[in-house]
Amino acid sequence: MTESKSAFLQTVTERGFVHQCTDMDALDAALSEGTPRLCYIGFDCTADSLHVGSLLPIMLLRWFQKSGHKPIVLMGGGTTKVGDPSGKDEARQLITDEKIAANKAGIQGIFEKFLTFGDGPTDAIMVDNADWLDEIEYIPFLRDYGRHFSVNRMLGFDSVKLRLEREQPLSFLEFNYMILQAYDFTELFRRHGCILQMGGSDQWGNIVNGVDLGRRVDSAQLYGLTSPLITTASGAKMGKTADGAVWLNADRVSAYDYWQFWRNTADADVGRFLRLFTDLPLAEIEKLEALKDAEINEAKKILANHATAMCHGADAAAEAEKTAAETFEQGQSAAGLPTIDIPAAELADGITAFALFARAGLATSNGDARRLIRGGGARVNDVQLKDENAPVTADAADADGVIKLSAGKKRHVLVKLG
């Protein structure tokens with residue numbers, strides 16, 4: 001296509017968000033007419049927090065709003081009961097209605113940090129597909145909508161084909177997911193005039209189904225746009241660390257650990273992540289990604305500050321940067337580090353070093369902690385541990401009753417004696 005006329009498509013194309021679009025030129029024209037348009041992205045309620053892997057679609061909604069349009073956050077209170085087979089090797093565990101409601105409550109607040117909600121023409125709205133999916137009558141739904149889906153075509157979509165090729169079970173329940181997601185698009189078009197669905201590239205088949213269903217049943221001109229699935233320069237999946245997922249809720253991952261995740265970005269990823277996960281102007285990003293050697297660390301700090309401020313607030317980002325500077329650059333034990341409380345009496349006779357590191361979350365298991373210590377990567381109060389079985393006692397605490405544990409150079413936990 002030629003250069004985009006719409007501010008939204010121009011922005012997301014330049015910043016690297018676009019993977020596929022059902023009709024880029026027609027969508028560009030629709031978004032350039034001068035009136036706010038509506039788009040949506042769906043988020044199933046499979047956990048009580050989203051993780052960094054969900055940031056890309058959230059940022060797409062953010063740019064859509066900043067470009068003068070109206071985003072819809074669709075909570076999957078209905079589709080979570082079915083489970084999306086896309087990218088999965090096996091069926092999701094079924095979740096109770098009570099757990100889905102709790103997960104939904106945990107997720108909702110995240111979006112308010114990235115989007116402006118309200119009643120204005122470009123204010124975001126949040127809806128739940130349980131509002132219509134829970135009311136579906138099976139036989140009428142099959143007659144009205146099921147006839148528009150070709151099983152032959154559905155078997156060709158990656159979410160289905162890959163499972164079948166691996167001879168892994170695909171339940172009829174999961175097979176229905178793409179029909180329900182397609183129906184979501186139709187409902188959002190009818191209720192709100194929504195013309196665009198966005199999502200990750202693994203959602204392409206589901207999105208195309210929705211565009212096609214809207215055309216068949218309502219003669220609607222709908223569009224789909226996907227973003228690439230983000231991996232790091234090393235090929236690893238974005239948002240996964242040795243400690244597990246990088247969650248967006250502070251009760252799952254502290255603002256300090258979140259800041260550290262971005263600060264630890266590989267040199268080769270800094271420019272791309274600045275484009276995708278911050279609002280910084282492209283000209284400024286180009287200057288930052290041109291930095292070489294040790295100077296690139298300044299670009300990483302800027303990435304960490306902006307990403308953390310967006311998710312946890314500017315004060316939390318500034319405190320995380322200060323804590324990191326005190327810990328790594330000045331060698332001090334900083335009060336802002338993650339902490340665990342252990343009764344002083346429990347440390348009277350000492351806790352075995354490997355057990356303490358596992359308990360502090362600096363290792364995933366006792367065996368992992370043993371390997372960390374044997375490899376020379378564990379320190380107590382900045383002194384390297386030599387013996388994995390050595391007891392750590394209350395005598396190691398400073399005047400404030402604090403023991404500093406370190407795994408490598410960048411991960412620290414304070415043990416506070418109770």
Is it true that the NZ or CZ of Arg370 lies under 6.0 Å from the centre of Phe354's six-membered ring and within 45 degrees of the ring axis? yes

Verify, without hydrogens or angle tests, whether [X] (side chain) and [Y] (backbone) share a donor-acceptor contact under 3.5 angstrom.
X      : Y      : answer
Asp28  : Ser6   : yes
Gln65  : Thr116 : yes
Asp128 : Gly77  : yes
His192 : Cys194 : no
Asn209 : Gln181 : no
Asn249 : Gly106 : yes
Ser201 : Thr226 : no
Asn103 : Asp48  : yes
Lys70  : Asp123 : yes

Heavy-atom side-chain proximity of [X] to [Y] below 4.5 angstrom:
X      : Y      : result
Tyr177 : Asp44  : yes
Arg15  : Leu282 : yes
Phe111 : Met75  : yes
Arg275 : Met59  : no
Arg62  : Leu115 : yes
Tyr183 : Leu133 : yes
Gln203 : Gln197 : no
Met198 : Leu61  : yes

Kindly compute the distance separating [atom1] ([X]) from [atom2] ([Y]), expressed to the nearest 0.5 Å.
X      : Y      : atom1 : atom2 : value
Leu274 : Leu280 : CG    : CG    : 6.0 Å
Cys311 : Ile58  : SG    : CD1   : 8.0 Å
Arg263 : Ile302 : CZ    : CD1   : 11.5 Å
Phe261 : Asp257 : CZ    : CG    : 11.5 Å
Asp184 : Asn129 : CG    : CG    : 4.5 Å
Leu222 : Thr22  : CG    : OG1   : 8.5 Å

Should the pair Phe277 and Trp262 be assigned to parallel (<30°), tilted (30 to 60°) or perpendicular (>60°) ring geometry? tilted

Candidate list Asn305, Thr323, Asn264, test side chain to side chain donor-acceptor pair (under 3.5 Å), partner Trp259, passing option: Asn305

Testing Thr265, Asp269, Asp267 for side chain to side chain donor-acceptor pair (under 3.5 Å) with Lys300, which one passes? Asp267

[X], [atom1]: over 12 other non-hydrogen atoms inside 6.0 angstrom:
X      : atom1 : value
Asp349 : CG    : no
Asp315 : CG    : no
Lys113 : NZ    : yes

Is the closest basic N to carboxylate O distance between Asp131 and Arg191 below 4.0 Å? no

In plain terms, say whether Lys287 and Glu284 are close enough for a salt bridge, that is, a side-chain N and a carboxylate O under 4.0 Å apart. no

Between [X] and [Y], what is the shortest heavy-atom contact and its length?
X      : Y      : answer
Trp204 : Gly224 : CZ3-O, 4.3 Å
Pro57  : Gly53  : CD-O, 4.0 Å
Tyr258 : Val246 : CD1-CG1, 3.9 Å
Lys104 : Cys45  : CB-SG, 3.8 Å
Tyr256 : Pro338 : CD2-CD, 3.6 Å
Ala255 : Ala320 : O-CB, 4.1 Å

Ignoring hydrogens and angles, state whether a donor on the side chain of Asn389 or Thr352 is under 3.5 Å from an acceptor on the partner side chain. no

Whether the Thr364 and Asp368 side chains hold a donor-acceptor pair (N or O, under 3.5 Å, no angle test) is what I'd like checked. yes

I would like to know whether Ile179 and Phe141 meet side chain to side chain contact (heavy atoms under 4.5 Å, CB included); could you show each step before the answer? CA-CA 10 Å; Ile179 298 178; Phe141 183 77; 3.8 Å; yes

Going through the distances and angles, do Leu55 and Phe273 end up as a side chain to side chain contact (heavy atoms under 4.5 Å, CB included)? CA-CA 11 Å; Leu55 267 186; Phe273 287 2; over 6 Å; no

Could you go through the side chain to side chain contact (heavy atoms under 4.5 Å, CB included) check for Leu213 and Phe185 one step at a time? CA-CA 8 Å; Leu213 181 64; Phe185 203 170; over 6 Å; no

With side chain to side chain contact (heavy atoms under 4.5 Å, CB included) as the criterion, how do Leu356 and Val380 come out once you've worked through the C-alpha distance, each side chain's angles and the decisive distance to 0.1 Å? CA-CA 11 Å; Leu356 184 59; Val380 175; 6.0 Å; no

What's the verdict on salt bridge (Lys or Arg N to Asp or Glu O under 4.0 Å) for Glu298 and Lys301, showing C-alpha distance, side-chain angles and the deciding distance? CA-CA 5 Å; Glu298 294 307 311; Lys301 292 176 187 176; 3.4 Å; yes

State yes or no: are the ring centers of His69 and Phe8 separated by less than 6.0 Å? no

